[in-house]
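What follows is a short report on a single structure.
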Number of protein chains: 4
Amino acid sequence: MTIQESGTARPAGRPRSEKAEKAIIEATLDLIAEGMGVSELSIEAIAAKAGVGKTTIYRRWSNKEDLVVDALSTLKAPLPPLAGTSVRDDLVSLLDAMRQESGEARSRCVMNIAMGEADRYPRLMERFMKRAVEPRRRAMREVIERGIATGELRADLDVDMGMAIISGAMLWHTKWGPAGDLPADLPSRVVDVALSGMAP
Amino acid sequence: MTIQESGTARPAGRPRSEKAEKAIIEATLDLIAEGMGVSELSIEAIAAKAGVGKTTIYRRWSNKEDLVVDALSTLKAPLPPLAGTSVRDDLVSLLDAMRQESGEARSRCVMNIAMGEADRYPRLMERFMKRAVEPRRRAMREVIERGIATGELRADLDVDMGMAIISGAMLWHTKWGPAGDLPADLPSRVVDVALSGMAP
Amino acid sequence: MTIQESGTARPAGRPRSEKAEKAIIEATLDLIAEGMGVSELSIEAIAAKAGVGKTTIYRRWSNKEDLVVDALSTLKAPLPPLAGTSVRDDLVSLLDAMRQESGEARSRCVMNIAMGEADRYPRLMERFMKRAVEPRRRAMREVIERGIATGELRADLDVDMGMAIISGAMLWHTKWGPAGDLPADLPSRVVDVALSGMAP
Amino acid sequence: MTIQESGTARPAGRPRSEKAEKAIIEATLDLIAEGMGVSELSIEAIAAKAGVGKTTIYRRWSNKEDLVVDALSTLKAPLPPLAGTSVRDDLVSLLDAMRQESGEARSRCVMNIAMGEADRYPRLMERFMKRAVEPRRRAMREVIERGIATGELRADLDVDMGMAIISGAMLWHTKWGPAGDLPADLPSRVVDVALSGMAP
DNA sequence: CAGTAACCGAGACGGTACGTCCCGTCTTCAC
DNA sequence: GTGAAGACGGGACGTACCGTCTCGGTTACTG
């Protein structure tokens with residue numbers, strides 16, 4: 001009649017501190033938000049900022065990439081609820097979530113890394129894509145496919161092309177549009193032009 | 001009695017080796033093309049790859065940014081000639097130039113830097129934008145404005161929005177579209193959808 | 001009505017394991033005998049060698065010095081009985097005890113610590129001197145003073161000088177004499193030369 | 001008709017800084033004199049005190065022992081000139097040199113290391129013995145052997161025993177005699193007792 | 001004989017120093 | 001004057017232990 005029969009027995013010794021773990025993640029995000037790239041990020045700086053020994057970091061993540069993936073994936077806001085009333089409304093909702101995220105330093109740094117360091121840290125990207133980007137892409141894809149099915153969108157529309165035009169327009173404004181925060185009406189304007197076209 | 005009497009007096013001593021200069025630029029571009037970001041790029045690595053002493057580099061460029069700007073600006077392909085027959089044709093020409101560049105590792109790295117390290121190296125970006133990006137944006141802007149004037153495009157079209165939709169769609173395909181090189185008909189398909197819209 | 005009424009009441013809870021205590025002392029001596037100095041000696045190594053948690057050590061000794069003093073003081077052989085027949089015989093007995101001790105690794109390490117780390121660990125030395133060295137010095141001093149009183153030694157002999165010459169000669173042989181164990185006849189030879197002098 | 005034909009051609013590149021080398025040695029000796037043993041001595045501390053990068057140390061000495069040997073062997077005072085008038089005078093000269101050295105912190109640390117860390121750093125000791133200790137021992141051995149030859153010392157005197165008694169007595173006083181500096185007349189008193197013996 | 005308090009091991013904690021690597025600068029000789 | 005070689009001070013790396021702490025579980029006396 002053993003006392004401890006649960007599936008995974010707690011390992012011996014002092015358990016790992018959740019507080020330290022959070023402090024490390026926070027420090028990592030702060031440093032990235034301050035404009036550091038993955039390669040400039042130093043474990044030593046993270047440890048110092050988190051008030052933690054280097055060992056405590058290496059005990060949890062064996063390399064910088066693993067830590068960065070974990071840190072970034074705690075960051076992505078949850079997907080907005082989609083009203084489902086019309087394709088236009090849903091697309092505006094999705095873009096507005098993007099717009100809001102782009103206003104926060106922390107989320108902006110995610111974009112920087114996603115776009116600028118993809119080639120250099122392929123494993124990072126692969127994992128980050130899976131955890132953070134893929135769900136958003138899937139959501140938009142479903143909206144567009146639904147629009148085609150209901151006849152709200154052209155029957156011959158290439159779904160990828162639709163995603164490219166809508167997401168790409170937001171992306172372009174984020175990086176290269178007029179300086180400053182994105183205007184609140186940008187999402188609806190993007191969707192309107194994308195849906196009805198540039199030609200008269 | 002002087003031997004050298006041309007207008008701009010040659011400075012005394014051994015002249016700088018053009019060969020070394022080219023080797024340095026080449027090595028820099030190679031390393032960037034191999035996936036290195038600006039911050040990972042090291043003068044030491046460039047010198048080693050170029051078969052040159054570190055002094056030889058620092059004598060010519062006082063810091064890494066200057067060298068990178070010079071290196072990148074040797075790279076950008078000249079703008080394609082625009083037929084001017086129609087807005088559609090000109091836009092397709094511009095996008096096709098983007099498509100071709102995106103197939104070369106060296107040009108792709110330019111995009112990475114432009115998108116990922118902009119925040120960290122503002123002086124680099126400023127100069128790089130001026131030399132390499134601005135001409136392309138101006139060209140597209142002119143095409144769109146001309147289209148509005150001739151009535152080929154909607155009179156109420158926001159020019160920035162037009163650029164965002166068209167450039168953004170290409171950009172999106174480059175970074176996040178189906179893997180592999182961009183298909184040759186992508187530019188025309190992007191322009192067609194952008195012009196006539198996604199709605200039926 | 002209490003069961004336990006002896007003078008010092010046993011504290012509540014599980015009593016400390018004597019086995020662990022002995023294992024710790026043994027491990028400490030072993031490590032010192034293997035050539036470790038006090039500063040190289042690590043609690044972690046002692047704990048590992050003793051098969052004991054580090055806590056178990058720190059619960060008993062608050063610092064390394066205390067542990068080392070305790071360990072070393074379990075070590076010193078008892079003083080040899082002195083026949084008292086003559087100064088010469090007693091001195092030879094004392095030196096022979098030194099010789100025998102110097103043959104054991106554990107005792108030799110005591111000398112090393114006494115001579116090499118005295119300056120660095122003054123509290124250790126103070127306590128170690130009191131427990132282990134002082135009795136031996138007192139014994140030799142008494143023999144010499146008795147010799148002066150009985151006329152076996154020169155009346156004008158400086159007692160410290162006598163101790164220095166006799167102990168110092170043994171010491172010198174231990175550290176810097178011909179390699180290997182000290183020869184069994186060394187004590188008597190030292191005493192003979194010391195008593196009658198080097199001059200003819 | 002080469003210009004540089006000397007035996008060992010100067011290697012290319014910037015030559016090593018003698019200043020840095022001296023600063024490192026000085027810092028090492030200072031730290032040892034402050035009571036640090038070899039094992040407590042840290043390269044990082046030496047580098048900081050010397051105002052030098054760690055690389056600069058590791059470029060010259062591949063490990064701590066090599067550095068310590070070099071540092072210590074710059075320290076030993078030159079042997080005193082021996083008058084040669086009599087064995088007694090020469091022995092007093094040698095012991096007086098010992099006495100003077102024992103008054104300096106830096107030299108005292110040499111003794112500590114020589115006696116206390118010998119077992120732990122055998123390679124260090126071997127090299128240190130050769131460079132610093134051996135010459136002194138040889139000098140004393142020669143004085144004693146000469147004394148035996150001239151009849152100033154007993155013909156049957158064991159030379160090692162003579163060295164042991166005389167050096168050992170000084171050694172004993174240094175480590176365990178009355179506290180404070182050794183009195184100036186100690187060498188002559190040691191020699192007198194050693195030569196004529198303790199017995200009346 | 002159940003409670004309970006000090007013990008035990010294991011192992012995570014914040015640190016320090018290690019020896020290595022590479023940075024960008026500097027100093028030298030050869031050309 | 002330029003070029004290569006390479007030493008310089010500096011800083012981050014990832015590892016190994018340090019001495020402290022915090023766990024779950026054990027043990028032996030106590031009520």
The residue, A/Asn63 or C/Lys54, whose nearest nucleotide of DNA chain F is more 5′ is A/Asn63

By nearest-heavy-atom nucleotide on DNA chain E, the more 5' of A/Ala20 and D/Glu44 is A/Ala20

N-O pairing of A/Arg16 and A/Glu21 below 4.0 Å
no

Result for 5'-nearest mapping on DNA chain F, choosing between A/Ala45 and D/Ala50, is D/Ala50

Once you apply a heavy-atom cut-off of 4.0 Å, does D/Ser42 come out as touching a base, just sugar-phosphate, or nothing?
sugar-phosphate

Trace of the side chain to side chain contact (heavy atoms under 4.5 Å, CB included) decision for A/Leu29 with A/Leu72:
CA-CA 7 Å; A/Leu29 293 174; A/Leu72 292 184; 4.1 Å; yes

D/Ile57 CD1 to E/dT20 P: how many Å, rounded?
13 Å

Write down the distance between CD (D/Glu18) and P (F/dC8), rounded to a whole number of angstrom.
11 Å

If the test is side-chain contact (heavy atoms from CB on, under 4.5 Å), which one of C/Thr28, C/Asn63, C/Ile57, C/Ile24 qualifies with C/Ile43?
C/Ile57

Within the structure provided, determine whether B/Leu67 and B/Leu41 are in side-chain contact (heavy-atom separation under 4.5 Å).
no

In whole angstroms, how far is the P atom of F/dG3 from the NZ atom of B/Lys19?
11 Å

Expressed in angstrom and rounded to an integer, what is the separation of A/Ile43 atom CD1 from F/dT15 atom P?
11 Å

Presence of A/Arg59 side-chain N/O under 4.0 Å of E/dG14 phosphate oxygens OP1/OP2
no

Atom NZ of C/Lys64 and atom P of F/dC17: how far apart are they, to the nearest Å?
14 Å

Less than 3.5 Å between a donor and an acceptor, one on the side chain of C/Thr55 and one on the base of E/dA10, is that the case here?
yes

Answer yes or no: does a side-chain N or O of C/Thr56 lie under 4.0 Å from OP1 or OP2 of E/dG9?
yes

So what does C/Ser17 touch, heavy atoms closer than 4.0 Å: a base, only the sugar-phosphate, or nothing?
sugar-phosphate

How many Å lie between CH2 on A/Trp61 and P on F/dG14, as a whole number?
14 Å

Phosphate oxygens OP1/OP2 of F/dC21: is one of them under 4.0 Å from a side-chain N or O of A/Arg16?
no

Starting at OH of C/Tyr58 and ending at P of E/dC7, how long is that distance when rounded to a whole Å?
17 Å

Which of the following nucleotides, E/dC13, F/dA5, E/dT28, is nearest to the side chain of A/Arg60?
E/dC13

Sorted by position of nearest nucleotide on DNA chain E, 5' first, the leading residue of C/Gly51 and B/Ser62 is C/Gly51

Hey, does the side chain of C/Arg14 come within less than 4.0 Å of F/dT30's phosphate (OP1/OP2), counting only N and O?
no

Give a yes or no on whether a salt bridge exists between A/Arg106 and A/Glu26, defined as a side-chain N under 4.0 angstrom from a carboxylate O.
yes

Atom CD1 of D/Ile46 and atom C1' of F/dG9 are separated, to the nearest Å, by 17 Å

